[in-house]
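Okay, structure first, notes after.
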Amino acid sequence: MIALIIRRLFQSFVVMLAVALVAFSLFRYVGDPVSQMVGQETSIADRERLREELGLNDPIIVQFSRFVLNSLQGKFGISFRLGRPVKELIAERLPATLELSLVAALFSLAVGIPMGVYTGLYPHRYLSKFFQAISLIGISLPTFLIGILLILIFGVILGWLPTFGRGEVVKLGWWSTGLLTVSGWKAIIMPAFTLGMFQLTLIMRLVRSEMMEVLRADFIKFARARGLSNRAINFGHALKNTLVPVITITGLQLGSIIAFAIITETVFQWPGMGLLFLQSIQFADIPVMSTYLILIAFFFVLINMIVDILYHIVDPRLRAEGAVV
Amino acid sequence: MRGVEGLHGAIRRFFDSDLWYSFTRSKVTVLAALVTLAFILAAIFAPLIAPHDPFDPASLDLMDAFTPPAWYPEGTTEFLLGTDDQGRDLLSTILYGSRISLFVGFASMLFAMVVGVSLGLISGYIGGPIDAVLMRIADVQISFPAILIAMLVDGVARGILPTQRHEALAIWVMVFSIGISNWVHFARTVRGSTMVEKNKEYVQAARVIGRSRPTIMFQHILPNVMGPVLVIATIGLAVAILTEATLSYLGVGVPPTKPSLGTLIRIGQSFLFAGEWWIVIFPGAALATLVLAVNLLGDWLRDALNPKLR
């Protein structure tokens, strides 16, 4: 177990180093940082001084180590576009993205699992076919189109829900939350639904196929032979055995929810990190891009590692092999 | 002569095959295939069938802007689905837009396939450190969503290329960035099947008679691992079309002068609040129909080629 954790930690470290190298190369080689920061009329001498101040004339290894050290301390440089420290920008927008992702993930779990269980138990009922059809649409309709349709129906035609922004937010220290106000909740409904829709169909399909697989297993037949109630079999035995892969996939998907938030945030003008990242791509604002890259990679690596370790704790079979691998 | 007979034989074999049988048995699949075919034909012949040329500024009249679809009292049959903010006929822009969407979709899927299949074959057949390195890269890449990678590649291209050059190359940048974000699925599948195939007798026989490594990989093993590749390619096409649409919607894709379906939706969204819903809904419906049809084809192909999965 400890060997596993150490190995995973080492792997994560290598991945993060690789990502840092990519981010650094972006930072250093894409475009000229100096000409991005100053106006047309700045003299060459001034540019040269700035270049020296920024340390752009040092050897590459020195620059890279400085980049890594600075990143570790949260010094990510200054946005070319907004002229403010990237750290501040991210800190301002991180709560919005995390709240949206979390609500979307919970929503997709709370709806996706029951739908999957139902379609797995009764694959031939009409409601199941309906759910299946919905899931196919959920996969085929692009996220942004779902968002636009929701805006059209609930925002423009019915006028029930706000079509952009977070509503009122409450400050809790540096964290700003929209989950404590009515307008905040109203504002999060459509974005969270849009963001969760794809994960929902994924979870539903996964639970469905796992349920169908498990229900054919011998131990379920044995449980039926023992005369257990359907309820105990379906939920106590079958569902419990499907949850391990579901937890894994959902855990891994949490990372992609944060990444897919870019699209949802654009549709609803949600003031989160994704919107910031998108704007930084359009303006080739490298410090923001590379910081976002590092941050997202960090989330992914962290989630992957936790899920992997959890997996070993939950599933004893892997533990037995883990000693060998 | 022999070539013609061979072709006839191949066609006959195709219509006698299980694949064709299962295709004709599924009405949904036939419909999906027809829809896909219609889209492809419409995209190819867009200049011939489109009622207007949306890229010809001379034919545009701002007085026509925001004309609603033909069944509205203010609509005209000249613009069946209405016009956008610049007076462009929506039906024509959708036809031309599908053209760009399909082109980027096919090209990037092919690119991903060529890269993925080659690397998968090399990785599976040669093994050793090459395999280890390639698969580690694949592991890392697959844990990030494809769209994020495509965006990053696109963002880097924007930083490297000067603005004018980027405008001209935008479509190829898209093809590259979407393709490079999707090669892993091909590589992993091909690697797996190659490792199974390489121990079979025909490969050993080919080795014994002194065939070179590339010949064995690409002439002997490749045809035997193509089945799953076809499935991934079909689903990959749907994914590529979606990715292109999403990137264009986000404004990091093809330039607005050559609008794809995603760009049209992006343009249309700003007029949603004013009640001009058709500018966004028709391109959206076209995109959703296309992707749904390709997805259904992919689902069918997967089931037909792999009865175990049913």
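Lettering follows sequence order; numbering is per chain, from 1.
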Problem set entry | chain A contacts, top residue of B:Gly262, B:Ala288, B:Gly268, B:Ala245 (heavy-atom pairs, under 4.5 Å) | B:Ala245

Exercise. Within a reach of under 6.0 Å around CD of A:Glu213, are more than 12 heavy atoms found that belong to other residues, nucleotides or ligands?
Worked result: no

Exercise. For B:Ile130, does the CD1 atom have more than 12 heavy-atom neighbours from other residues, nucleotides or ligands under 6.0 Å away?
Worked result: no

Problem set entry | Contact summary for B:Gln269 and A:Ile151, nearest pair of heavy atoms | NE2-CD1, 3.9 Å

For this session: Compare every heavy atom of A:Leu145 with every heavy atom of B:Gly284, then report the nearest pair and how far apart it is.
Result: O-CD2, 3.3 Å

Between [atom1] of [X] and [atom2] of [Y], what distance do you get to the nearest 0.5 Å?
| X | Y | atom1 | atom2 | answer |
| --- | --- | --- | --- | --- |
| B:Met151 | A:Phe277 | CE | CZ | 5.5 Å |
| B:Leu287 | A:Leu141 | CG | CG | 8.5 Å |
| B:Ile147 | A:Ile263 | CD1 | CD1 | 4.0 Å |

Please look at [X] and chain A and tell me whether the side chain, the backbone, both or neither of the residue comes under 4.5 angstrom of a heavy atom of that chain.
| X | result |
| --- | --- |
| B:Arg136 | neither |
| B:Ile241 | neither |
| B:Ala238 | neither |
| B:Leu250 | both |

For this session: Not counting sequence neighbours, which residues clear ring pair (Phe, Tyr, Trp, His ring centres under 6.0 Å) with B:Phe106? List them please.
Result: none

Would you mind checking which part of [X] comes under 4.5 Å of any heavy atom in chain B, side chain (CB onward), backbone (N, CA, C, O), both or neither?
| X | value |
| --- | --- |
| A:Val267 | both |
| A:Ala18 | neither |
| A:Leu293 | side chain |

Problem set entry | Residues that A:Arg93 engages under salt bridge (Lys or Arg N to Asp or Glu O under 4.0 Å), provided they are two or more places apart | none

Exercise. Of the listed residues (A:Val301, A:Val15, A:Leu152, A:Ile303), which shares the most heavy-atom pairs with chain B below a 4.5 Å separation?
Worked result: A:Leu152

Exercise. What are the residues of residues 292-300 of chain B, in order of number, with any heavy atom under 4.5 angstrom from a heavy atom of chain A?
Worked result: B:Leu292, B:Asn295, B:Leu296, B:Asp299

For this session: Compare all side-chain heavy atoms of A:Thr143 with those of B:Thr246 and state whether any distance is below 4.5 angstrom.
Result: no

For this session: Using heavy atoms and a sub-4.5 Å threshold, report which of residues 193-208 of chain A line up against chain B, by residue number.
Result: A:Arg205

